[in-house]
Amino acid sequence: MNTTLIDKLSVSHALAYEEWVTLISSYDENDRVYAAEKARSAATDIFGDLVYLRGIVEFSNICRNDCYYCGIRRSNQSVTRYTLSDEEILSCCDAAYSAGIATFVLQSGEGAVSAPHLSQLIRRIKGKYPDAAVTVSVGELTFDGYRMLRDAGADRYLLRHETADAAHYGRLHPDEMSLSHRMECLYQLRTLGYQTGAGMMVGSPYQTAEHLARDMMFLCEFAPDMIGIGPFIPHKDTPFKDEKQCSAKLTLFLISLIRLMLPRVLLPATTALGTVLPDGREQGILSGANVIMPNISPVRVRDKYTLYNNKICINEETAICVKCLERRLNKIGYNIAYFTR
Ligand code: 5AD
Ligand code: FES
């Protein structure tokens with residue numbers, strides 16, 4: 001019965017809301033494996049055996065927001081806050097480029113650095129690596145802020161919507177944040193010509209199959225260039241510290257469904273997935289993902305950017321992680337697409 005819905009999805013690349021609810025609330029392990037096989041072959045039809053790397057520099061853990069799930073929320077007094085200098089960020093890019101990575105993702109908490117400062121940095125990175133892509137992920141900015149970064153040469157922007165249900169959004173965030181503003185930002189980014197990434201946490205507190213169905217309907221309509229999804233993992237210094245960690249299986253199933261819905265989308269097997277399951281990123285690739293986002297931050301700050309506990313790759317330098325990933329991917333029959341932006 002669910003395999004019929006999965007077949008329908010892979011042919012028509014869409015389902016009705018009620019069908020999403022049915023599929024997400026009643027799937028079993030057979031359905032998950034069935035979807036993974038279809039999604040994997042959809043991905044290899046387009047991308048072959050290649051996996052794309054996007055290196056993330058977590059350049060500051062300062063954040064003005066207070067999201068209930070996130071370890072670097074402003075209320076968490078146990079975080080040692082840091083901001084990397086432009087020189088340090090450039091050396092992260094150098095190390096990543098030497099390891100074959102040609103997309104740099106600049107990520108930080110919200111409000112950590114100003115748009116003019118970030119623009120200057122983007123110009124320097126693009127000046128040094130004209131063939132590399134620069135992706136920004138610093139949360140909600142004004143339209144002018146987004147335009148300034150775009151004018152400086154930023155190619156892409158990642159801003160997860162987190163959940164497409166406004167009431168659920170309200171249970172994950174304080175009142176000063178809203179789903180409508182998040183969505184407005186996503187449409188502004190698209191207007192400015194960014195390749196835009198959205199996505200949700202899977203298994204976040206209070207999430208239901210209906211919420212995930214809304215997420216799928218939104219993703220189908222917005223059709224982002226990239227979709228980042230990962231399992232919710234509790235962080236010990238947040239209001240959600242006693243909430244339960246999301247299962248890797250549900251995340252893997254959704255990765256497959258997203259691939260079947262949007263065959264060409266860039267779909268990372270996230271660090272969070274690799275955290276809840278030792279071979280989570282490999283399983284993600286085998287379920288239809290085609291991107292991995294290695295951490296290219298200086299090792300000395302890595303344990304300070306903990307959005308959730310037990311994060312992987314905290315002690316391994318960029319070159320080591322890339323070698324490790326290559327070995328892991330080769331083992332499952334995939335290769336890294338080096339220097340692909
Ligand atoms: N568990 C899993 N993912 C998280 N994120 C933030 N906190 C957590 C957590 N506790 C995700 C959010 C954010 C991205 C950068 O990290 O989806 O958009
Ligand atoms: Fe970082 Fe394996 S990918 S240590």
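Quantities reported herein were computed from a predicted structural model and do not represent experimental measurements. Both counts, for ligands and for their atoms, begin at 1 and track the order of listing.
For atom 18 (O) of ligand 1, the closest heavy atom belonging to the protein is E162 OE2, 2.5 Å. Given atom 9 (C) of ligand 1, the protein heavy atom at minimum distance is I233 O, 3.4 Å. Protein heavy atom closest to atom 15 (C) of ligand 1, with residue, atom name and distance, is L307 CD1, 3.7 Å. Of the protein's heavy atoms, P231 O, 3.2 Å lies nearest to atom 2 (C) of ligand 1. Protein heavy atom nearest atom 2 (Fe) of ligand 2, with residue, atom name and distance: C324 SG, 2.2 Å. In this structure, atom 7 (N) of ligand 1 lies nearest to the protein heavy atom Y69 CD1, 3.3 Å.
A salt bridge links D155 with K126: the closest approach of a Lys/Arg side-chain nitrogen to an acidic carboxylate oxygen falls below 4.0 angstrom. At a threshold of 4.0 Å, the pair K323-E317 does not count as salt-bridged, since none of the basic side-chain nitrogens sits closer than that to a carboxylate oxygen. Look at D225 and R264 and you find no salt bridge, because none of the NZ, NE, NH1 or NH2 atoms lies under 4.0 Å from a carboxylate O. No salt bridge links E316 with R302; every basic N to acidic carboxylate O contact stays at or beyond 4.0 Å.
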Might you work through the ring-ring contact (aromatic ring centres under 6.0 Å, His included) test for Y82 and F59, ending with a clear yes or no? CA-CA 8 Å; Y82 72 89; F59 68 88; 8.9 Å; no
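Heavy-atom distances between M201 and ligand 1 reach below 4.0 Å in at least one pair.
When ring centroids are compared, F232 and Y69 stay outside the 6.0 Å threshold.
Residue R281 touches ligand 2 through its side chain alone, judged by heavy-atom distances below 4.0 Å. Only the side chain of R160 comes within 4.0 Å of ligand 1, judged by heavy-atom distances.
Counting atoms of ligand 2 from 1 in the listed order, those under 4.0 Å from a heavy atom of L325 are 3 (S).
The nearest N, O or S atom of C313 is closer to atom 1 (Fe) of ligand 2 than 2.8 Å.
Of the N and O atoms on the side chains of Y34 and D7, at least one donor lies less than 3.5 Å from an acceptor on the other residue.
K311 places a side-chain N or O within donor-acceptor distance of the main-chain N or O of Y305, the cut-off being under 3.5 Å.
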